[in-house]
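Each remark here refers to the structure printed beneath this line.
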There are 2 protein chains.
Amino acid sequence: MNTELKKRAPRRKSNAISVMDVARAAGVSTATVSRVLNGNGTVAPALQDRVREIAQNLGYTPHAAARALASQRSKIIGAVIPSLENQNFALGVFALQKRIGEAGYTLLLACSYYDQEDELKQVRALIADGIAGLMLVGRSHSPALYELLAKERIPLVNGWTVDQHHPYVGFDNVAVGRRIAEYLLDLGHVHFGMITQMTQHSDRAADRIMGVRTALQTRGLELRHEHLIEMPHKIIEGQMAMRALMQGPVRPTAVICGTDLLAVGALAEAHEAGIDVPGELSIAGINDIEFSSFTTPPLTTMRLPADEIGTRSAEYLLAHIEGRPVSSQNIVPTDLIVRGTTGRAPGRG
Amino acid sequence: MNTELKKRAPRRKSNAISVMDVARAAGVSTATVSRVLNGNGTVAPALQDRVREIAQNLGYTPHAAARALASQRSKIIGAVIPSLENQNFALGVFALQKRIGEAGYTLLLACSYYDQEDELKQVRALIADGIAGLMLVGRSHSPALYELLAKERIPLVNGWTVDQHHPYVGFDNVAVGRRIAEYLLDLGHVHFGMITQMTQHSDRAADRIMGVRTALQTRGLELRHEHLIEMPHKIIEGQMAMRALMQGPVRPTAVICGTDLLAVGALAEAHEAGIDVPGELSIAGINDIEFSSFTTPPLTTMRLPADEIGTRSAEYLLAHIEGRPVSSQNIVPTDLIVRGTTGRAPGRG
DNA sequence: TTGTAAGCGTTATCAT
DNA sequence: ATGATAACGCTTACAA
């Protein structure tokens, strides 16, 4: 039997500073360095300071992959949003990133393009990358996705929605729809139109429609089928939708738009068509984007604090990861912002 | 000497499927599985198919951290942008994410908040996470950042700019400023104002100002000190700036805004002040955001294709990582979009 | 309190 | 063409 050591060419190593380098420089073991830098274990205060200083001077940054592999946890949080084109989500992600960054976590970001299968694929990739937590948008996700997350024990939070079965940070989109509809009903409107994003891709849009419908039904009114138009989420599509709405036999006097972006398009069409807003026609949006204060007239809308959703989602995830107690139900406040595009129904003034 | 095996409590393992599981199920070694899945090495075609199928059926996803550790490379690309509030950057990141996603990479996203030190910190974190490539915005970065990247041999691309010393995907912001100024000069304007973002935080803003200045000087004109206003990047700030501009002794007849967002604010102020645009005053933006087609009148601006910057940055990075040849200089086309907010100088019509 | 070394899930080297 | 196994950089169970 051969007892000599097998020799083998060393593998290509990164030229970065490692725990070994720090340990050697400090005259201690790698275990001690690790303990100091991770704040667990017990190391004499004086030694701690010395190790920390040496690590600092050497410019040591722990290799995240190695750490993740050894400890079976990572400092990466994932988020999958439908699209970054929607500023609402961009702002939410921005706030999320900021908050987790303060806690030493980094953000792995993916987009689902409003598709559940894509979303599942993205989540698989994020899991492979070892995320410690995940933020999603809405509550309609692939069952396989929920299973996967449960199996891997990865904390999840659904944003921009409320959810019976999973932790969430958001608001009740049904209530949002109801609220804006009730406001217009109180203004005497009877004939309603609605322009929304594709409900096929957005449980939020579907909820808002339901809210509007509910409010109308309570007053014995209804949202006529031909007065509900679903469009891709673009200003120009909002304009097209409004044009279609104004060509029907019964013209609505109040048009609720699922988002401000669509409302801006609707408003632009009213302008072009010479329709007086809010004299002849009231238009309302949902979101309160920066722009909405600067349309003419300024847009009446519902304020939905995207940044707060991001921040509180981050806080939920961090707390959950670190084992601190947190509520799984996180309602974020919404507000009706009355500006210039809404008024009493014509002839009810 | 003690020759018995040391026993030790097993460490907490993840319950995910590993190469071992696949290897066992296929009756081969882990090496073979790895070779099949990574497409290197040489494995009999029939075996390849079998292994691939088994891996598929088992739902095997390689552990990214372990892979990164063993292979010293990762499938993660990093990006640090000033802010996600700026839709321009959001769109660029969106395109970048999409393109690298198609190639099996994921996106680690961080924000610098327009601060070089923050940016350096974020890049450090991304490097620790083992990014295979990095996209930054602009060309003004901490020297330490450049050193770090060089030392770690991480490919970098600077977006939204041109750069003498580093790979870039973007356009010459000086030329953009010059172009819009020349257009207005040709319209007979002599008195110019300019509203821009804080140059302190943006080499792009500084470049655009220089471009405007250059154009004016060529015609023997100048941008007066009190006619250049730097503001945070908000619509309302654009409005404030315009108000200030209109209160001075010499009122400009043409105001160039560093971004469309500022231009929207400026336009709103002109409206409120009862100033006729473009009769009395021409206003131009830079960016061509979706909104700019829907202001009244629609905004004249420079089109800067953010999505193309993202896509081409992704392509540069991927090519570089995979050792394919690519150009380090990537100019993206910009266009003057003449719409309704600009016209001949008053009295020159 | 500190050190030793096993083990995390892969890849890549060497042997067969 | 395939298998055995060292090595990747770190954390942590256990020994000292």
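Quick caveat, the model's predicted, so the values are computed rather than measured.
The side chain of B:T32 contributes an N or O atom lying less than 4.0 Å from OP1 or OP2 of D:dG3. Between A:S34 and D:dC10, a side-chain N or O to OP1/OP2 separation shorter than 4.0 Å is absent. Between A:Y60 and D:dC10, a side-chain N or O to OP1/OP2 separation shorter than 4.0 Å is present. Contact annotation: A:R73 side-chain N/O to D:dT12 OP1/OP2 distance is under 4.0 Å. For B:R67 and C:dG9, the shortest distance from a side-chain N or O to OP1 or OP2 is not below 4.0 Å. Put simply, B:S29 has no side-chain N or O that comes within less than 4.0 Å of OP1 or OP2 on D:dA4. Contact between the side-chain N/O atoms of B:S71 and the OP1/OP2 oxygens of C:dT11 is not found at any separation under 4.0 Å. At C:dG9, none of the side-chain N or O atoms of B:S18 fall inside 4.0 Å of OP1 or OP2 (strictly under the cut-off).
When distances run from any side-chain atom of B:V19 to the nucleotides C:dT10, C:dG3, D:dC10, the shortest one goes to C:dT10.
At the heavy-atom level, B:A44 lies under 4.0 Å from the strands shown only through sugar-phosphate atoms.
Taking the six-membered ring where the residue is Trp, B:Y113 and A:F94 present tilted rings, their angle falling between 30° and 60°.
The residue among A:R35 and B:P45 whose nearest nucleotide of DNA chain D is located toward the 5' end is B:P45.
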